[in-house]
Amino acid sequence: MARFLIALCIAIAFSAPVSAQESELAKIRDEIRQMKQQYEQRIQDLEKRLADTEVKAGTAAVAASKAEQSAASAETATAAAASARSGENAFNPAVSLILQGTFARESQDPNTYRLNGFFPSGGEVGPPKRSFGLGETELNVTANIDPYFRGVAIASLAPEGGVSIEEAYFQTLALPQGLTLKGGRFFSGLGYLNEIHQHAWDFQDAPLAYKAFLGNQFRQNGLQLKWVAPTDLFIELAAELGSGDNFPGSDRNKNGVGSSALLAHVGGDIGNSYAWRSGVSFLRTSPRARSYQDVDSLGGAVTNAFTGSARLWVADAVLKWSPNGNSSYRNLKLQGEYFRFIQDGSLNYNDAGGSALFGPVTGPFNATQSGWYAQAAWQFLPAWRVGYRYDRLNYGSVSNGIVIGGLGPQASDFPILANYSPTRNSVMFDWSPTEFSRIRLQFSSDKSRLGLTDNQALVQYIYSLGAHGAHKF
Amino acid sequence: MTTNLKICLASLALLVTTPAVAALNIFACTPEWGALSKEIGGDKATVYNATNALQDPHRVEARPSLIARARSADLVVCTGAQLEIGWLPLVLTQAGNAKIQLGQAGYFEVARTVTMLEVPASIDRAQGDVHPGGNPHLHLDPRNIAKAAGALTERMAQLDPAAAEFYRARGKAFLARWTEAIARWEKEAAPLKGLPIVVYHKNMSYLIAWLGMREVGSLEPKPGLPPTASHLSALLAQLQRDPARAIVLAAYNDPRGGDWLAEHAKIPVVILPFTVGGNEKANDLFGLFDDSIARLLAVKK
């Protein structure tokens, strides 16, 4: 009311005839200022009295020990709080920003990074650039849209410029029977690490299996329907349908569904000190002319393109320990995932842009490959952790019909698909003075490239600004 | 294959159609609200405590077991004021339970029923892990528990109208006993008025305000930051000018910083249960305050 009066007075003051003398104006301004001060004082007094009354009301409620009175005082408090949040910005979503960067030293050129024995997955899978490098800056905006939906948008600002949408999805809040529907672009729920954002990982980079089989992280443009069982044991089943644009799929320009996934997770506690989650996921995509660049034995450029079906099985398990469930001082996290990747279809070899010896050649292509990693992160003091990770990919059985059928190109004309099983050892050491900042030192001995060892050392910083995000288990 | 599928589907159907238990299913974020729900709900409420007294309430993870329990909850009872910000929003969005979402009757925040202390005038993380809504450790003022009891009784009556009178009768009986107990505690704790103490975190503010004690310092340099050697020695120097009588920790706090200071400042460390289950005597809300006051009074002797 008082504020309204002030506004009214100001409005009246300003609508005064323009012919008013300067001195009169000054006088009026002075009066308004005085009035404003008086009103502000009175508002403050009123607010103080309101607060006092609340306290008294609370005490009275206790003395009278009546539930009704207590509820009434609660309403007063709520009303008072609500009036403070009535501004235009009251519905602003939660906004947070992640700052990241690295200082890296690598014994091999990161631009020549490849995982020999495996199809290049198209993602940004290479190690960070040498020397100082800015990581992705991530902008995260989240809010409930209405009682039925929640919206999440996460944009990644690339250091070279440009914005990509990491995730942008809606999620239902009010479906019955434990169902949740998610739609838009989102990280698939398969495996364990896939759904977790890079800044929340325990190592700077993804496990080799994620790099080889999922292009770092698999994003669906589509829908996910998830069901949580009404049991004390955590059981979660989900089905995803998507366009399958991303590796192991490809953009097909075709009607219908390009990728589908089925996921199952179970989890629970063992006593107060242990919590676990484990699951199995299956992803099926149908890539059409999913291509990558290679060079033949003469050094000429070749484009290879795979068409067919790609199926991925993932088994994942996570176990966390902390004394009595109190993870503040000490905790241990063990995590591992196993991948089995099956591709059936045909491979097209085209050297027309290079040596032009064979032109386009197509032959059947079948491969069953696998990979796994296991890691441990141990917080031995508040804020301090060490971790170790072992990665391995298995070349498995690959049948390249072009080579076997003698259609021209030899195995040496497919250098990236050479028979090789990459491995990597990594250790990390990080310090997180608060939940919002982390500085990490990481060393890796990376044998992703045939016959070469890349010794990597890097320092990484991760800072989180703004709204307090909740991290997944 | 088909028989396997049938068995699988049948067991799924069984899971879905498991008859709803008549009782009100309550998911309590912290043990004090679990205990309060039990006081009001009696055998008509099944209560699950998401955390225990030895867990730092700020550092809780959205464990799978919490999502599973939230899935079938009728009512979530939490402190609010962003105490559970690090995990509860995730549990709520993952649980697929429309009843307990923000704004629904099945979502109950105690902070909305009490007057908050230490509401920051400005909010900046340079001040540490501050809570914009005020200090969320509000349950250590028993008068707040009384306010919460009134509002929670009504909420439970609303959610389970068939047993409304049952909850109201129990709520009323609890408040009568509680009011009596508050009067007794205030009388017993009269000697604590003005007692200067050092705390670990700003987690005792409501207890201090209620009993009229005096907080002269905290082991954390800023809320949420672990004690550092330099801060502890500065605190020690400060205690030599303005001595405290005790260092008061919660059961979940790391005792190391407190032990160091206790040894050097020659004052005792008092470990309070902080919430229900924090020690063997604090097995309900009455025990929590009986034991806390007894431990503080022991310092005066």
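In what follows, chains carry the letters A, B, and so on, assigned in the order in which the sequence lines appear, proteins first and then strands, with residues in each chain numbered from 1.
Looking at B/Y48, only its side chain comes within 4.5 Å of chain A, counting heavy atoms on both sides. For A/P382, the part lying near chain B is the side chain, with the backbone staying farther off; criterion is any non-hydrogen pair under 4.5 Å. For A/I270, no part lies near chain B; criterion is any non-hydrogen pair under 4.5 Å. At a 4.5 Å heavy-atom cutoff, the contact between B/D56 and chain A is made by backbone and side-chain atoms alike. Residue B/R125 touches chain A through its side chain alone, counting heavy-atom pairs closer than 4.5 Å. For B/R177, no part lies near chain A; criterion is any non-hydrogen pair under 4.5 Å. Interface remark: A/H471 contributes backbone atoms only to the contact with chain B (heavy atom separation under 4.5 Å). Only the backbone of A/A467 comes within contact range of chain B, judged by heavy atoms closer than 4.5 Å. In this structure, chain B has heavy atoms under 4.5 Å from both the backbone and the side chain of A/L173. The contact between B/L102 and chain A is made entirely by side chain atoms (from C-beta outward), counting heavy-atom distances below 4.5 Å. Contact annotation for A/Y148: neither backbone nor side-chain heavy atoms come within less than 4.5 Å of a heavy atom of chain B. Heavy-atom distances place no part of B/D141 under 4.5 Å from chain A, backbone and side chain included.
Ranking A/H265, A/R277, A/K472 against chain B, the residue ahead of the rest is A/K472, based on heavy-atom pairs under 4.5 Å. The candidate from B/L225, B/T93, B/L152 with the greatest count of non-hydrogen atom pairs under 4.5 Å with chain A is B/T93. The most heavy-atom pairs under 4.5 Å with chain B, out of A/A275, A/G268, A/G325, A/G267, come from A/G325. Ranked by heavy-atom pairs under 4.5 Å with chain A, the first of B/R63, B/E61, B/R59 is B/R63.
A distance of 9.5 Å separates OG1 of A/T180 from CG of B/N97, quoted to the nearest 0.5 Å. Once rounded to the nearest 0.5 Å, the distance linking CG of B/L54 with OG of A/S322 reads 11.0 Å. Between the OG1 atom in A/T434 and the CG atom in B/D129 there is a gap of 8.0 Å [rounded to 0.5 Å]. Taking OG of A/S327 as the reference point, atom CD of B/Q55 lies at 7.5 Å (rounded to 0.5 Å).
Heavy-atom neighbours of B/E180 CD from other residues, nucleotides or ligands within 6.0 Å: at or below the threshold of 12. The number of heavy-atom neighbours closer than 6.0 Å to OH of A/Y461, taken from other residues, nucleotides and ligands shown, is above 12.
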Distance-only check: which donor-acceptor pairs under 3.5 Å involve side-chain atoms of residues 64-73 of chain B, not counting sequence neighbours?
{"unit_1": "B/S65", "atom_1": "OG", "unit_2": "A/D269", "atom_2": "OD1", "d": "3.0"}
{"unit_1": "B/S65", "atom_1": "OG", "unit_2": "A/D269", "atom_2": "OD2", "d": "2.7"}
{"unit_1": "B/R71", "atom_1": "NE", "unit_2": "A/V228", "atom_2": "O", "d": "2.5"}
{"unit_1": "B/R71", "atom_1": "NH2", "unit_2": "A/Q177", "atom_2": "O", "d": "3.1"}
{"unit_1": "B/R71", "atom_1": "NH2", "unit_2": "A/V228", "atom_2": "O", "d": "3.4"}

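Between the side chain of A/N326 and the backbone N or O of B/Y252, at least one donor-acceptor pair lies under 3.5 Å.
Listed by sequence position, B/I85, B/G86 are the residues of residues 77-86 of chain B in contact with chain A, using a 4.5 angstrom heavy-atom cutoff.
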Quiz prompt | Trace of the side chain to side chain contact (heavy atoms under 4.5 Å, CB included) decision for A/E236 with B/Q94 | solution = CA-CA 10 Å; A/E236 175 190 272; B/Q94 301 280 311; 4.2 Å; yes
